[in-house]
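Below, chain A is the first sequence line, B the second, and so on; all start at residue 1.
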Amino acid sequence: MIRAVKGTRDILPPASRVWNHVEDVARRVMQSYHYSEIRTPIFEETSLFARGVGEETDIVSKEMYTFEDRDGASLTLRPENTAGVIRSFIEHRLDQVPGLQKLYYMGPMFRRERPQKGRYRQFSQIGAEVIGSESPAVDAEVIEMVIEILTRCGLDGFQLLLNSVGCKECRARYVAELRERLAGVANRLCHDCQRRVQTNPLRVLDCKIPEDQPIIDALPSILDFLCEPCGIHFAAVRAYLNDRGIQYEVKPRLVRGLDYYMRTTFEVVHGALGAQNSVLGGGRYDGLAQSLGSKAPAPGIGFSIGEDRLVMSVEEAHPDRHKDTVDLFIAPMGGNALRHSTVLARELRRNGVCVEIAFEGKLKRALELANKTGARYALIVGDNEIQSGAYALKNMATGEQENVSRERLTEVLYGRNH
RNA sequence: GUGGGUAUAGCUCAGCCGGUAGAGCGCUGGAUUGUGGUUCCAGAUGUCGUGGGUUCAAAUCCCACUACCCACCCCA
């Protein structure tokens with residue numbers, strides 16, 4: 001038997017209904033903020049991610065699906081989509097289009113990690129980018145929007161974490177300070193942290209080993225190292241969020257794993273997701289476009305939602321929603337009735353009624369199926385009914401049955417759907 | 001890359017100290033001719049993850065492998 005490859009999976013009904021719901025909500029919300037969809041390729045030149053995401057990140061250094069094309073070009077299945085969107089922005093000179101570029105996307109990403117709960121090798125992200133403004137008001141609006149998406153999906157009990165990682169200059173001063181402070185105590189830290197002190201001191205802040213916590217707690221906060229412009233920016237973001245009554249927790253130890261982030265970073269966590277409890281992450285990336293070759297500065301901010309994890313949370317919160325529903329299950333009796341039924345079904349479907357027809361089997365079987373598929377009504381169509389012009393309409397929940405004319409039938413069905 | 005757990009019917013699982021398989025749910029058919037849900041009856045489906053070993057005899061004991069899950073790492 002051929003099975004789906006490790007870390008990939010089939011999204012079957014009824015789970016696929018939840019996926020559709022989540023995507024519908026996201027589209028509606030983002031359209032109301034005047035975002036438009038962008039669809040970029042699923043693979044790109046490898047160098048895009050190396051330069052965009054950062055050569056030293058785990059994503060680039062050990063998790064990418066990279067392959068050589070027949071002409072020798074190195075291509076990579078996208079591990080995230082911000083780099084691709086910015087590439088497209090530069091390539092198509094979207095900086096020349098008036099106003100901000102507000103773009104959203106949804107689709108599969110690929111990272112070769114060991115799969116576990118909430119983590120797959122092919123996973124799906126719903127994300128958005130705003131390019132062309134440094135304003136902290138944009139940061140707040142982006143955060144407001146993503147919270148709105150989660151809420152409208154029916155989620156609650158999530159927590160918004162907020163931080164500023166400063167800019168090139170002030171972060172460099174902070175990292176230097178961290179290195180110095182950690183140098184003295186490194187031998188008391190866990191094995192991983194001893195390595196991180198060398199490779200990426202910021203990661204020490206994120207360590208989960210209990211024994212390391214006292215040392216980490218004593219380390220200075222990046223927020224005390226922000227330069228004046230970064231400090232003002234962060235204060236403004238918080239003020240704008242406060243204006244909206246959006247709850248958040250400032251978490252100076254929140255570290256993001258992509259090199260391009262600067263200033264505002266944020267994350268939303270949700271319980272009952274297992275160890276991978278991060279539903280979405282995002283932040284500002286003012287220098288990214290230029291590092292990818294843009295002549296014009298193109299400051300931006302964006303987020304991406306882990307759709308697999310969001311769906312998981314929604315299923316957890318509302319296990320009974322997203323049921324399969326059939327409005328009308330038609331049970332034709334015989335060939336003549338079947339021909340009559342198909343014409344009737346076509347008309348009803350054109351008016352938005354969800355109709356199923358029992359193409360074979362006896363009446364008993366048809367009603368059994370109507371029951372199993374959760375149909376609201378069953379319609380019995382036999383020669384008697386065609387002759388008299390009155391169908392037998394059965395309410396599957398109550399068991400009541402009435403003889404209805406064609407007009408009465410549409411009245412009942414359209415009444416439910418309009 | 002590292003660690004732990006689990007592998008028996010479509011699904012969830014039982015099968016103690018070895019004697020070649022069961023339950024519930026689901027599925028199919030039936031309880032008379034055009035009426036579902038409840039109930040009753042009947043039925044189908046398993047190379048007991050794979051390979052090897054011990055034994056008269058292995059789903060059960062031993063070894064190896066593989067797959068899946070969870071966790072570390074990292075991130076969405």
Side-chain angles (χ1 to χ4, degrees), chain A residues 1-9 12 53-54 56-64 78-82 106-127 146 190-193 195-196 199-200 203 206-209 254-258 261 265-270 273-283 302-313 329 331-334 337 358 361-385 391-401:
Chain A
M1 183 173 59
I2 300 175
R3 309 169 48 111
V5 313
K6 184 197 281 285
T8 71
R9 58 205 185 120
L12 306 173
V53 178
E56 299 307 316
T57 60
D58 279 17
I59 292 177
V60 171
S61 65
K62 49 192 194 202
E63 295 174 2
M64 294 205 304
R78 63 186 188 190
E80 59 99 54
N81 206 28
T82 299
M106 46 186 71
M109 309 293 160
F110 306 85
R111 294 182 199 172
R112 199 186 184 291
E113 302 177 90
R114 279 290 277 275
Q116 69 188 74
K117 190 178 171 71
R119 193 173 72 184
Y120 308 97
R121 290 183 174 181
Q122 175 177 331
F123 60 102
S124 196
Q125 291 189 331
I126 300 174
V146 77
C190 69
H191 181 76
D192 287 329
C193 281
R195 176 177 48 82
R196 293 179 184 129
T199 58
N200 191 348
R203 287 255 162 254
D206 214 25
C207 178
K208 288 164 191 156
I209 307 288
L254 175 67
V255 177
R256 311 252 81 247
L258 292 79
Y261 283 126
T265 59
F266 55 94
E267 180 171 330
V268 170
V269 294
H270 187 65
L273 274 180
Q276 310 302 317
N277 66 347
S278 172
V279 186
L280 87 252
F303 64 81
S304 72
I305 298 170
E307 191 175 356
D308 307 71
R309 295 178 187 176
L310 176 56
V311 165
M312 212 185 288
S313 308
F329 201 107
M333 317 270 306
K362 296 177 177 153
L363 176 60
K364 177 182 163 64
R365 177 65 180 149
L367 287 171
E368 209 175 298
L369 275 177
N371 187 242
K372 283 172 182 165
T373 53
R376 288 201 255 262
Y377 291 95
L379 191 72
I380 298 163
V381 180
D383 292 334
N384 299 343
E385 282 76 9
Y391 306 109
L393 180 68
K394 180 166 187 136
N395 182 321
M396 294 302 289
T398 63
E400 286 164 20
Q401 187 168 318

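One atom, CG of A/Leu280, and another, C1' of B/rC75, lie 13 Å apart when rounded to the nearest Å. The CZ-C1' distance, from A/Arg9 to B/rA76, rounds to 12 Å in whole Å. Between the CZ atom of A/Arg121 and the P atom of B/rA67 there is a distance of 10 Å, given to the nearest Å. Look at CD on A/Glu267: it is 10 Å from P on B/rC75, rounded to the nearest Å. Rounded to a whole Å, the CZ atom of A/Arg114 is 13 Å from the C1' atom of B/rG5. In this structure, the CD1 atom of A/Ile59 is 12 Å from the P atom of B/rC74, given to the nearest Å. Between the P atom of B/rC75 and the CG atom of A/Leu254 lies a distance of 11 Å, rounded to the nearest Å. One atom, CD of A/Gln276, and another, P of B/rC74, lie 11 Å apart when rounded to the nearest Å.
Remark: the A/Glu113 side chain and the B/rA76 base include a donor-acceptor N/O pair separated by less than 3.5 Å. Checked by distance alone, A/Arg119 brings no side-chain donor or acceptor within 3.5 Å of a matching partner on the base of B/rC70.
Going from the P atom of B/rC65 to that of B/rG26 covers 41 Å, rounded to whole Å. For B/rU47 and B/rA59, the C1' atoms lie 13 Å apart once the distance is rounded to whole Å. B/rC68 and B/rC11: their C1' atoms are spaced 16 Å apart (whole Å). With C1' as the reference atom, B/rC74 and B/rC25 are 40 Å apart, rounded to whole Å. Taking the C1' atoms as reference points, B/rG52 lies 26 Å from B/rG4, given to the whole Å. Using atom P as the reference point in both B/rU50 and B/rG34, the two lie 47 Å apart (nearest Å). Across the P atoms, B/rA7 and B/rA14 are found 7 Å apart, a figure rounded to whole Å. A gap of 16 Å separates the C1' atoms of B/rA21 and B/rC16, to the nearest Å.
Looking at every heavy atom in both residues, A/Glu385 comes nearest to A/Tyr391 through CG-CA, 3.7 Å. Looking at every heavy atom in both residues, A/Pro332 comes nearest to A/Ala358 through CD-O, 3.2 Å. The nearest pair of heavy atoms linking A/Ala392 to A/Gln401 is CB-NE2, 3.5 Å. Taking all atoms of both residues into account, the shortest heavy-atom contact from A/Asp308 to A/Tyr120 is OD2-CD1, 3.8 Å. The heavy-atom pair separating A/Arg119 from A/Arg114 by the smallest distance is NH2-O, 2.6 Å.
Not a single donor-acceptor pair under 3.5 Å links the side chain of A/Thr8 to the backbone N or O of A/Ala4. For A/Arg309 (side chain) and A/Val279 (main-chain N/O), no donor-acceptor pair under 3.5 Å exists by modelled atom type. Within the 3.5 Å criterion, the main-chain N or O of A/Glu113 finds a donor-acceptor partner in the side chain of A/Arg121.
The side chain of A/Gln116 contributes an N or O atom lying less than 4.0 Å from OP1 or OP2 of B/rA71.
Of the two residues contacting RNA chain B, namely A/Ala275 and A/Arg111, the nearest-nucleotide position lying further toward the 5' end is that of A/Ala275.
At the heavy-atom level, A/Glu80 lies nowhere under 4.0 Å from the strands shown. Counting any heavy atom pair closer than 4.0 Å across all strands shown, A/Ala370 reaches no nucleic acid atom. Residue contacts shown for A/Gly118 include a base, since a base heavy atom lies under 4.0 Å away. Counting any heavy atom pair closer than 4.0 Å across all strands shown, A/Phe329 reaches no nucleic acid atom.
Side-chain contact between A/Ile59 and A/Glu80: absent, with no pair of heavy atoms (C-beta onward) separated by less than 4.5 Å. The side-chain heavy atoms of A/Met396 and A/Asn371, taken from C-beta on, include a pair separated by under 4.5 Å. When side chains are defined from C-beta on, A/Met106 does not count as touching A/Ser124, because their heavy atoms never get closer than 4.5 Å.
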_Generate the contact string for nucleotides 26-43 of chain B. Rules: B means base contact, S means sugar-phosphate contact only, - means no protein heavy atom under 4.0 Å._
-SS-S---BBBB------
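Counting only Watson-Crick and G-U wobble pairs whose two key distances fall under 3.5 Å, RNA chain B forms stems of three or more stacked pairs at B:1-7 with B:66-72, B:10-13 with B:22-25, B:27-31 with B:39-43, B:49-53 with B:61-65.
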